[in-house]
Amino acid sequence: MSTTVTLSQRYASLPQCFYTFVKPQPLDDSRWVAWNEALAIQFGLPQSAPTGELKALLSGEQCDESRPPLAMKYAGHQFGTYNPELGDGRGLLLGEMTAQNGQVYDLHIKGAGLTPYSRMGDGRAVLRSTIREYLCSEAMAGLGIPTTRALGMLVSDTPVYREKMEQGALLLRVATTHIRFGHFEHFFYTNQLSELKLLADKAIEWYWPECLEHDKPYAVMFNNIVERTAEMIALWQAYGFAHGVMNTDNMSIVGETFDYGPFGFLDDYEPGYICNHSDYQGRYAFDQQPRIGLWNLSALAHSLSPLVAREDLERSLSGYETKLGQHFSRLMRDKLGLQSKHEGDSQLFASMFELLHQNRVDYTRFMRTLSCLDRSDISEVYDLFIDREAAKLWLANYLQRCEAERDEQGQQISDAQRCVQMRKANPKYILRNYLAQLAIDKAEQGDFSEVYQLAQLLRQPYAEQPEMEVYANLPPDWGKKMEISCSS
Ligand code: AMP
Ligand code: MG
């Protein structure tokens, strides 16, 4: 069994203005509290939490003094305002590793101490936010939503002060890339145009080599970013995920959900849900995410203007809404068990959302109940509504629409067949904020059992898992619409 990891240094081969080499500041007495065995196996890493040299490397306790890890330089628009001062303020890229399927991933540690980009921060991550990122990235992967992953989590005796004294922790993050929209913004706004071009060349070489087959590779690259972003956000909207801090420095160019902070999954279907306690204007409210995606892409387009013709940028941007809408409709049809496209479908979705909103119905519970529909007892569905008559009406429309569905042999699809498919698109279990909070409360007392249980459960969110039924419960009053602080 391998006790080491082979890392490449392709990002480090870029010129020095892309990053700063930083020696990590190790945490006191760091120890593993989670090791993602399934992910580790994909990289030929040990199945159990590493010890010795490998642990020392992954925890930042030891590094090659002549070539330490690096903090990336980037900038970004935060809440609509450009901030040139950003960069990895507490994260470090150890290097890249190749998975057994041949794909290359970044290996990054978050919480490893001060860097030149820490600004007023301390370079640390607290246990609470580290657990949230660990759990949510696993939950998103379980749902099938592109995301960075968490390879492991260490806790330590290093005290970290936020609103109170907390325990310092470290997250090991695996991502296709850590290049954000903000990387391009940095080079554009500092007028480092050859570096801007170099970054685009490298992004193409590493992530989209097929762009080189076109005569306008940078335009195709931007179009890819637009499409990936649209697809990611369509998934967020279909699954009820609110990111909370969609600043351009938190947007991955490959469309992976990135930098988990004050995120939240919808409980009741509330389009204006704001999960971020500091988002006073609701800029990043749940229903604003598609619009903000476009805003962020426009900011990126502006930064790519030295490389891509204006009309090409505009053409890609103008395709965003259609792409997102098409993807969202396909996801909603999957969720409602509808394979064919019909003209009235968007109206059917819109009336469903309206009804869920008016009746404050739990989104995940509703969709799952609909996926277990038994016509002999339809009350299970409309019992979720205050206005049962309106729900009955919608349901009747929906069931009528279902009758138009045919299988390949032209046979009508039965409720049972449809429901089997629907249960693959409607999770029984999601990372509700109150569940994450209960796991954190226990972990802060030294008991990580809930963290493991949740991580395990959320890797298979579509499976029934009868012994875990309680995790599908609706949130208690205190756990509804929790707003999470940005301090992490
Ligand atoms: P975020 O929106 O949380 O992703 O962070 C925005 C910027 O602040 C990034 O450049 C982070 O690296 C930096 N940052 C966040 N928290 C800290 C911290 N505790 N210490 C240093 N930098 C931080
Ligand atoms: Mg960030």
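Counting convention: from 1, in listed order, for ligands and their atoms alike. For this chain, numbers begin at 1 and follow the sequence in order.
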- Heavy-atom distance to atom 14 (N) of ligand 1: which of Met72, Arg90, Lys73 wins?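 Residue with the shortest heavy-atom distance to the ligand atom: Arg90.
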If I apply the N/O under 3.5 Å rule, does [X] come out as touching ligand 1?
X	value
Gly121	no
Ser488	no
Leu86	no
Val245	no
Asn247	no
Asn250	yes

- Query: Is there an N/O/S atom in Asn247 that lies less than 2.8 Å from the Mg ion (ligand 2)?
  - Reply: no
- Message: At less than 2.8 Å, would any N/O/S atom of Asp259, backbone or side chain, sit next to the Mg ion (ligand 2)?
- Response: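 Within the cut-off used here (under 2.8 Å), Asp259 does place an N, O or S atom near the Mg ion (ligand 2).
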Specify the protein heavy atom at minimum distance from [atom]: its residue, its atom name, and the distance to 0.1 Å.
atom	answer
atom 7 (C) of ligand 1	Arg119 NH2, 3.1 Å
atom 19 (N) of ligand 1	Asp122 OD1, 3.0 Å
atom 21 (C) of ligand 1	Gly89 O, 3.2 Å

Counting neighbours of [atom1] on [X] that are heavy atoms of other residues, nucleotides or ligands and sit closer than 6.0 Å, is the number greater than 12?
X	atom1	value
Gln456	CD	no
His214	NE2	yes
Glu321	CD	no
Gln9	CD	yes
Gln281	CD	no

Any idea which atoms of ligand 1 are less than 4.0 Å away from a heavy-atom of [X]?
X	value
Ser118	21 (C), 22 (N)
Gly123	18 (C), 19 (N), 20 (N), 21 (C)
Tyr74	9 (C), 10 (O)
Asp259	4 (O)
Arg162	19 (N)

- Item | 4.0 Å heavy-atom contact, Gly87 with ligand 1 |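 Gly87 counts as a contact of ligand 1 under the 4.0 Å cut-off.
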- Message: Within 45 degrees of the ring normal and closer than 6.0 Å to the centroid, is that where the cationic atom of Lys73 sits relative to Phe187?
- Response: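 Because its charged atom misses either the 6.0 Å distance or the 45° angle limit, Lys73 does not stack over Phe187.
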- Query: Do Arg132 and Tyr260 meet the cation-pi criteria used here (NZ or CZ under 6.0 Å from the six-membered ring centre, within 45° of the axis)?
  - Reply: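 Arg132 over Tyr260 ring: no.
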- Message: Can a donor-acceptor pair be found, under 3.5 Å and without considering hydrogens, that links the side chain of Glu96 to the backbone of Tyr11?
- Response: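 Here the side-chain-to-backbone pair exists.
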- Could you walk me through whether Asp312 and Arg315 pass salt bridge (Lys or Arg N to Asp or Glu O under 4.0 Å), step by step? CA-CA 5 Å; Asp312 290 328; Arg315 191 176 319 108; 3.0 Å; yes
- Query: At under 4.0 Å between heavy atoms, which part of Asp249 makes contact with ligand 1: side chain, backbone, both or neither?
  - Reply: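 Side chain only.
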- Message: Checking contacts here: is it the side chain or the backbone of Met246 that comes within 4.0 Å of ligand 1, counting heavy atoms only? Could be both or neither.
- Response: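 For Met246, no heavy atom sits under 4.0 Å from ligand 1.
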- Task: Could you check if a side-chain atom of His327 sits within less than 4.5 angstrom of a side-chain atom of Glu227, using non-hydrogen atoms only?
- Result: no
- Message: Holding to ring-ring contact (aromatic ring centres under 6.0 Å, His included), I want the full list of residues that pass it with Trp295, two or more places apart in sequence or in another chain.
- Response: His77
- Distance below 4.0 Å between atom 10 (O) of ligand 1 and any protein heavy atom? yes
- What about the rings of His302 and Phe188, do their centers lie closer together than 6.0 Å? yes
- Task: Might you work through the salt bridge (Lys or Arg N to Asp or Glu O under 4.0 Å) test for Glu256 and Arg228, ending with a clear yes or no?
- Result: CA-CA 8 Å; Glu256 283 175 354; Arg228 299 270 190 115; over 6 Å; no
